[in-house]
Amino acid sequence: MTKTYGERATSLPNKTAQELFTLMERKKSNLAVALDVTTKQEFLDIADKVGPYICCLKTHIDILEDFDQDLIDKLKKLQKKHDFIIFEDRKFADIGNTVKHQYSKGIYKIAEWADIVDAHAIPGDGIITGLKEIGLPLNRGLLLLAEMSSKGNLATGAYTEATIEMAKRHKDFVIGFISGKKFNSCEELIIMTPGISLDISNDDLGQQYKTPRNVIENGSDIIIVGRGIYGKGKDAVVEAQRYRNAGWEAYLKKFE
Ligand code: BMP
């Protein structure tokens, strides 16, 4: 029988994962916004607008041209105001010792403010062990990229299978996957899916889009939407509401 987000929250070992599922139920939202803009002003402006409708704000902090600590302070204030999880889409991909530093040091100090980060499985278990040393004491969570949305990507077949096995060995810290579908052998893990649009099927740089309905029917838990919400000529509030409703209706359909 399909479990609700709220029911699943109680059975998860990781605190961030519990919090995420609890707030999804509370806010009735399975929408994450991928906030890929390059100035602080735009970033804070859109985050404030979409905040009421999202469960998660996904960042690429290194694309901001005027990044500073004030941005992080303001982001944390918006997180308190609107109640969402912060996911820095850093896609770590190096040996354990290096990712540990990338996660906690440098100018971004990601571990201090990001509830969730993600990593490629390509380096092997050491990448998880390294990130875990920093993240677990802070109750953070990690997603592994089991699949990608872009055309011609190599995260398929045996690579995807090996990534799933790796996640299963670290269930205290790995809370789920970036992928387009649920995997049978680990149904409790969270599936977050990028490459979502209600209007178009691709961009001109290899991105491929599916609808919220498509992916939630395949077992996705959270839809990640970027340009579909704040792209040229869009009203971010209107679009955030539209995607939030589409995502939530697709979720409710599973119980009919
Ligand atoms: P958009 O909806 O504007 O295409 O943005 C998608 C977002 O999801 C981007 O931030 C991108 O980095 C991320 N993403 C993706 O598109 N495909 C993947 O396989 C993994 C991602 O993290």
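Below, each value reflects all heavy atoms present in this structure, side chains not excepted, and no hydrogens, waters or symmetry copies. Ligands are counted one by one from 1 in listed order, and the atoms in each one are counted from 1 as well.
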Where is the nearest protein heavy atom to [atom]: which residue, which atom, and how far?
{"atom": "atom 10 (O) of ligand 1", "value": "Asp36 OD2, 2.6 Å"}
{"atom": "atom 2 (O) of ligand 1", "value": "Gly226 N, 2.9 Å"}
{"atom": "atom 17 (N) of ligand 1", "value": "Ser149 OG, 2.7 Å"}
{"atom": "atom 12 (O) of ligand 1", "value": "His60 NE2, 2.9 Å"}
{"atom": "atom 21 (C) of ligand 1", "value": "Lys91 NZ, 3.4 Å"}

Between Ala32, Pro194, Ser150, which one has a non-hydrogen atom sitting closest to atom 14 (N) of ligand 1?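 Closest candidate by heavy-atom distance is Pro194.
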
Tell me whether Tyr209 has any N or O atom under 3.5 angstrom from an N or O of ligand 1. yes

Just distances here: any N/O of Arg227 and N/O of ligand 1 closer than 3.5 Å? yes

Evaluate the side-chain proximity of Ile86 to Gln79: yes if any heavy-atom separation is below 4.5 Å, no if none is. yes

Between Ile178 and Leu144, is any pair of side-chain heavy atoms under 4.5 Å apart?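 Of all side-chain heavy-atom pairs linking Leu144 with Ile178, none is under 4.5 Å.
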
Heavy-atom distances under 4.0 Å decide this one: backbone, side chain, both or neither, for Ala34 against ligand 1? side chain

Gln207 and ligand 1 - part of the residue with a heavy-atom distance under 4.0 Å: side chain

Which residues share a ring-ring contact (aromatic ring centres under 6.0 Å, His included) with Tyr230, sequence neighbours left out: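 None.
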
With Tyr251 via ring-ring contact (aromatic ring centres under 6.0 Å, His included) - residues at least two apart: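 ring-ring contact (aromatic ring centres under 6.0 Å, His included) check on Tyr251 returns Tyr5, Trp248, Phe255.
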
What distance do His60 atom NE2 and Asp36 atom CG have between them, rounded to the nearest 0.5 Å? 4.5 Å

Quick one: do Arg213 and Glu217 make a salt bridge, cutoff under 4.0 Å?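 Yes.
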
Regarding Asp235 and Lys49, does a basic nitrogen lie under 4.0 Å from an acidic carboxylate oxygen? no

